[in-house]
Amino acid sequence: YLASAKSRGAIDSVNARIDYQILSSMRIFARYQDSTSNAVSDSIGGPYTSNLVGRNRVYLLGVDNTFGASISNELRMQYSPALFKTVATPSSAGGAVPFNLYAANGLPSGAGEQEVFLDLPKQALMLQQSYGSKQFQPNATDAVSWTHGKHFFKAGRSEEHTSELQSRQY
């Protein structure tokens with residue numbers, strides 16, 4: 001059948017910021033961000049509903065120092081975990097109640113991937129799945145700046161590590 005898929009979703013975000021001036025030449029600060037999204041859409045390829053949930057967080061700790069009028073140092077340490085999970089389940093079409101493959105196997109809803117394939121003249125496929133992944137990323141940067149007359153020089157180092165994508169069935 002032909003249809004235009006409808007989609008609805010929501011994004012919630014929390015941000016927090018703390019700054020503290022320890023000395024006249026030193027400031028420390030922390031940042032926190034937590035964004036959660038949820039998108040639900042109907043599949044255009046059949047009567048399926050897909051629910052995608054994502055969560056991204058950022059933890060940042062920083063220190064800024066000035067040494068005299070011309071030299072400054074900026075240190076940042078950040079950790080960013082991210083995860084997503086998607087669940088695809090049959091939805092009702094024309095008022096019919098969809099067959100639940102999880103219940104038929106005695107499994108809780110969203111317990112993994114279930115697939116039924118019927119080899120008919122036009123072929124039929126019924127799929128229910130639940131999967132997701134997690135990724136963790138620690139970062140550290142340090143930069144030194146020097147102002148000399150009309151000139152500005154900046155040098156630094158950035159270390160970024162990205163974990164392997166950890167994917168699993170839920």
Side-chain angles (χ1 to χ4, degrees), residues 5-23 25-46 48-67 71-91 100-103 105-117 125-146 152-170:
K6 59 183 177 181
S7 181
R8 53 200 176 275
I11 297 176
D12 295 319
S13 183
V14 174
N15 296 294
R17 173 184 175 143
I18 297 172
D19 291 69
Y20 186 70
Q21 192 79 31
I22 294 180
L23 303 168
S25 62
M26 179 186 283
R27 175 181 72 109
I28 64 169
F29 58 91
R31 307 283 186 267
Y32 171 74
Q33 177 187 354
D34 189 346
S35 299
T36 303
S37 63
N38 184 5
V40 179
S41 63
D42 293 325
S43 172
I44 59 172
Y48 285 89
T49 299
S50 179
N51 185 4
L52 174 62
V53 177
R55 183 175 186 193
N56 296 308
R57 289 173 288 171
V58 176
Y59 304 93
L60 174 71
L61 181 63
V63 179
D64 290 339
N65 289 303
T66 56
F67 305 102
I71 298 176
S72 66
N73 184 41
E74 302 167 356
L75 175 65
R76 310 281 187 270
M77 291 180 288
Q78 178 176 306
Y79 176 67
S80 303
L83 75 96
F84 87 91
K85 179 182 177 186
T86 188
V87 177
T89 56
S91 60
N100 189 323
L101 292 171
Y102 295 120
N105 287 296
L107 298 170
S109 184
E113 186 169 4
Q114 299 287 322
E115 184 174 337
V116 173
F117 183 78
L125 172 70
M126 182 174 180
L127 175 70
Q128 280 183 247
Q129 59 187 351
S130 175
Y131 60 90
S133 67
K134 298 177 186 176
Q135 192 169 31
F136 307 98
Q137 183 174 349
N139 301 328
T141 60
D142 190 18
V144 176
S145 303
W146 176 46
F152 178 77
F153 302 95
K154 187 171 188 174
R157 179 182 170 104
S158 178
E159 280 289 323
E160 298 180 9
H161 297 278
T162 302
S163 67
E164 291 184 27
L165 195 61
Q166 299 174 1
S167 188
R168 69 173 237 199
Q169 298 289 326
Y170 283 90

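If you're wondering where the values come from, they're calculated on a predicted model, not measured in any experiment.
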For the CD atom of Glu160 and the OG1 atom of Thr141, what is their distance to the nearest 0.5 Å? 8.5 Å
Is it the case that more than 12 heavy atoms not belonging to Ile11 sit under 6.0 Å from its CD1 atom? no
Residues that Glu74 engages under salt bridge (charged side-chain N to carboxylate O under 4.0 Å, His left out), provided they are two or more places apart: Lys154
Side-chain heavy-atom pair Ser25, Phe67 within 4.5 angstrom cut-off: no
Take Asp19 and Arg31 through the test side-chain contact (heavy atoms from CB on, under 4.5 Å) and record every step on the way to the result. CA-CA 9 Å; Asp19 291 69; Arg31 307 283 186 267; 3.3 Å; yes
Can you tell me how far apart OG1 (Thr66) and CG (Leu23) are? Round to the nearest 0.5 Å. 9.5 Å
With sequence neighbours excluded, residues passing side-chain hydrogen bond (donor to acceptor under 3.5 Å, both in side chains) with Thr36: none
Throw together a table of side-chain donor-acceptor distances under 3.5 angstrom for residues 56-65, partners on residues two or more places apart or in other chains.
from: Asp64; atom 1: OD1; to: Arg76; atom 2: NH1; distance (Å): 2.7
from: Asp64; atom 1: OD1; to: Arg76; atom 2: NH2; distance (Å): 3.2
from: Asp64; atom 1: OD2; to: Arg27; atom 2: NH2; distance (Å): 2.6

For Pro138, give me all partners under side-chain contact (heavy atoms from CB on, under 4.5 Å), at least two apart in sequence or on another chain. Tyr79, His161
For atom CZ of Phe152, is the number of surrounding heavy atoms from other residues, nucleotides or ligands below 6.0 Å larger than 12? yes
Nearest-0.5 Å distance that lies between atom CD in Gln33 and atom CZ in Arg17: 13.0 Å
For Ser80, what residues pass the side-chain hydrogen bond (donor to acceptor under 3.5 Å, both in side chains) criterion, not counting sequence neighbours? Gln78
Taken in chain and number order and not counting sequence neighbours, the residues that satisfy side-chain hydrogen bond (donor to acceptor under 3.5 Å, both in side chains) with Asp34 are Tyr32, Arg55
